[in-house]
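Worksheet: one structure, shown below.
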Number of protein chains: 2
Amino acid sequence: MTIRGDLELLTRTGHLFSSVREEFVCAARDLDTWSRLGARQAARDLVRDSGTHQIRKLYSSAALAEERSRGHLGELVGRGARVRIAATALPHETIVIDRRFVILAGSDTPGGREYTLSTAPTLVGGVYALFEAAWETATDLEAFLRGERPQLDADSRTVLRALGSGATDETAARDLGMSLRTYRRRVAELLDTLDAGSRFQAGVRAGELGLNG
Amino acid sequence: MTIRGDLELLTRTGHLFSSVREEFVCAARDLDTWSRLGARQAARDLVRDSGTHQIRKLYSSAALAEERSRGHLGELVGRGARVRIAATALPHETIVIDRRFVILAGSDTPGGREYTLSTAPTLVGGVYALFEAAWETATDLEAFLRGERPQLDADSRTVLRALGSGATDETAARDLGMSLRTYRRRVAELLDTLDAGSRFQAGVRAGELGLNG
DNA sequence: GAACCCGTGGCAGCTTGCTGCCATCGGGCA
DNA sequence: TGCCCGATGGCAGCAAGCTGCCACGGGTTC
């Protein structure tokens, strides 16, 4: 079933949100959608009486950009929801309720954003399975905030990858098209920001922070 | 569009598989489905002329249970496909082609397995985004196979900890009460068993395998 | 233009890491 | 005892990594 526009979404699916029995899972890029709908309050209510059901929310790191959003997420966690942060963009909002309904958000169009609501078990199951897989390996909000990765620039990331490849400085520098001296400067800077006393230690840190790809 | 049974699936979607232009992604528990369809050969053909498009396959670790399957996966990789292993079960097979079609498999029913084929952009986009998230954090087949931790003896673990502490070889050797030469032998052995080409890489591996603390 | 800052890269000298070679030591074994 | 074997450690030489110094080029500022 296709739904066009936020208003229709609210009227058509509003009752679903208050009928959650066991589980409410949601994947999204950030918290904009619901704030735009003014549905933040509804979500809050949803969480409030969540004694009976489980709430899981998976966001991209973009959700942490604004201070306001961070506060809201913290509040959610405080009320019993589980929040995790995924490494990818999650451009399409996805909601699965009780493994019975799935709501997928499309892209913005002139006529308003398009949503798809479905109860087909195949569809719900497939989406749920993928959500599960993404959820399983995402990092907990708390851990993510604690881990506050020292955010490296693109340059450092390349160096990191080169280091991880096991190449010597010489070949790595050549591959990256920079001089040996500069490459080593980069490495030194990297060790510095990672607060590592040796390359080995830096490797461990890099691994911990999941800076590899 | 709902499809009931494997036969119908083949006739209805066969042409899609040969029309892949850019990308073919697939998430599944294991390789049974396609072998059951005798479609293994078709998949092989698909990969063969994959010069133009990209193939990504995400499986649960169940796909590695059988020797035969492992061989098939290796073959896939050899032909240019990228294979990763997810931590979850992935009970529902999912295929996305060129970000235009999505095929979802349901559960077995008396009348045959049920499949859903859709081209709705919202749906395809949503599924694709979730796939992307799951993919991003899954581990590469190669890394997964290698990851069977090489179980180190107590000695190596001490060395590992010393390395992780960031100390130089000299101080580390002194602390461990062994000669510099021996310490370095240990380190060399360690790099060998970790299959690392540099200390940095060894650090990453050690982190991956959680051999710290 | 002159003065300046900043990132880069070459050079040099030093430290650290790596490894082949050989001497040594201690433990089994005939 | 004499022999073998594996582990150890010293040594030496080389490779790799580290860093201070200075020069060059491209911006910016005055």
Side-chain angles (χ1 to χ4, degrees), chain A residues 65 147-213, chain B residues 140 142-143 145-213:
Chain A
E148 279 298 356
R149 75 183 53 193
Q151 61 178 4
L152 325 163
D153 52 18
D155 213 12
S156 301
R157 292 176 163 274
T158 0
V159 174
L160 207 54
R161 236 170 298 137
L163 276 172
S165 80
T168 67
D169 288 11
E170 204 167 276
T171 60
R174 208 161 349 103
D175 288 356
L176 300 185
M178 63 177 74
S179 82
L180 189 59
R181 184 71 185 83
T182 309
Y183 177 77
R184 289 192 169 144
R185 264 210 197 89
R186 290 288 118 74
V187 174
E189 289 163 11
L190 201 58
L191 295 215
D192 203 44
T193 63
L194 288 180
D195 194 28
S198 70
R199 290 192 175 202
F200 182 92
Q201 208 175 23
V204 176
R205 291 275 155 76
E208 277 175 7
L209 302 176
L211 314 163
N212 300 79
Chain B
D140 225 69
E142 195 187 341
L145 290 176
R146 192 188 41 221
E148 306 180 3
R149 109 170 27 187
Q151 60 177 6
L152 327 161
D153 50 18
D155 212 11
S156 301
R157 291 176 165 276
T158 349
V159 174
L160 207 54
R161 236 169 298 137
L163 275 172
S165 80
T168 68
D169 289 10
E170 205 166 271
T171 61
R174 206 159 353 99
D175 288 356
L176 300 186
M178 63 176 75
S179 84
L180 187 62
R181 184 69 186 86
T182 311
Y183 178 77
R184 289 190 170 146
R185 265 211 194 89
R186 290 289 119 73
V187 174
E189 289 163 11
L190 202 57
L191 294 215
D192 203 43
T193 64
L194 289 179
D195 194 28
S198 70
R199 288 191 176 203
F200 181 92
Q201 207 174 24
V204 176
R205 292 276 154 76
E208 276 176 7
L209 302 177
L211 314 163
N212 300 80

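Note on naming: letters A, B, ... go to the chains in the order of the sequence lines (proteins, then strands), and numbering restarts at 1 for each one.
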Shortest side-chain distance from B:Arg185, nucleotide among D:dG17, C:dC18, D:dG9:
D:dG9
Distance-only, no hydrogens or angles: does the B:Arg186 side chain make a donor-acceptor pair with backbone N or O of B:Val159 under 3.5 Å?
no
Would you say B:Thr182 reaches D:dT8's phosphate, i.e. side-chain N/O to OP1/OP2 under 4.0 Å?
no
Between D:dG17 and A:Arg184, is there an OP1 or OP2 to side-chain N/O distance shorter than 4.0 Å?
yes
Figure out the CG/P separation between B:Leu190 and C:dC18, and round it to whole Å.
11 Å
Look up atom CG in B:Asp195 and atom CD in B:Gln201, then write down how far apart they are to the nearest 0.5 Å.
7.5 Å
Pick the closest DNA chain D nucleotide for B:Ser198 and for B:Tyr183 by heavy atoms, then say which residue is nearer the 5' end.
B:Tyr183
Which of D:dA16, D:dC18, D:dG10 is nearest the side chain of B:Ser179? It is D:dG10
Grab the CG-C1' distance between B:Leu180 and D:dG10 for me, whole Å please.
10 Å
Which residue in the set B:Arg185, B:Arg199, B:Arg181 passes salt bridge (charged side-chain N to carboxylate O under 4.0 Å, His left out) when paired with B:Asp169?
B:Arg199
B:Thr193 side chain reached by B:Leu190 side chain, heavy atoms, under 4.5 Å:
yes
Return yes when atom CD of B:Glu170 has more than 12 non-hydrogen atoms of other residues, nucleotides or ligands closer than 6.0 Å, and no otherwise.
no
Length of the CZ-P vector between A:Arg174 and D:dA16, whole Å:
11 Å
Here the distance between atom P of C:dC6 and atom CD of A:Glu189, to the nearest Å, is 14 Å
Quick check on D:dA16: is either OP1 or OP2 less than 4.0 Å from any side-chain nitrogen or oxygen of A:Arg199?
no
Measure CG/A:Asp169 against P/C:dG17 and give the value in whole Å, please.
14 Å
Within this structure, what is the CG-to-C1' distance between B:Asp192 and C:dC18, rounded to whole angstrom?
13 Å
Output the rounded distance in Å from CD (A:Gln201) to P (D:dC18).
13 Å
Just compare C:dC11, C:dT19, C:dC18 and give me whichever is closest to any side-chain atom of B:Arg181.
C:dT19
Could you check how far CE of B:Met178 sits from P of D:dG10, rounded to whole Å?
13 Å
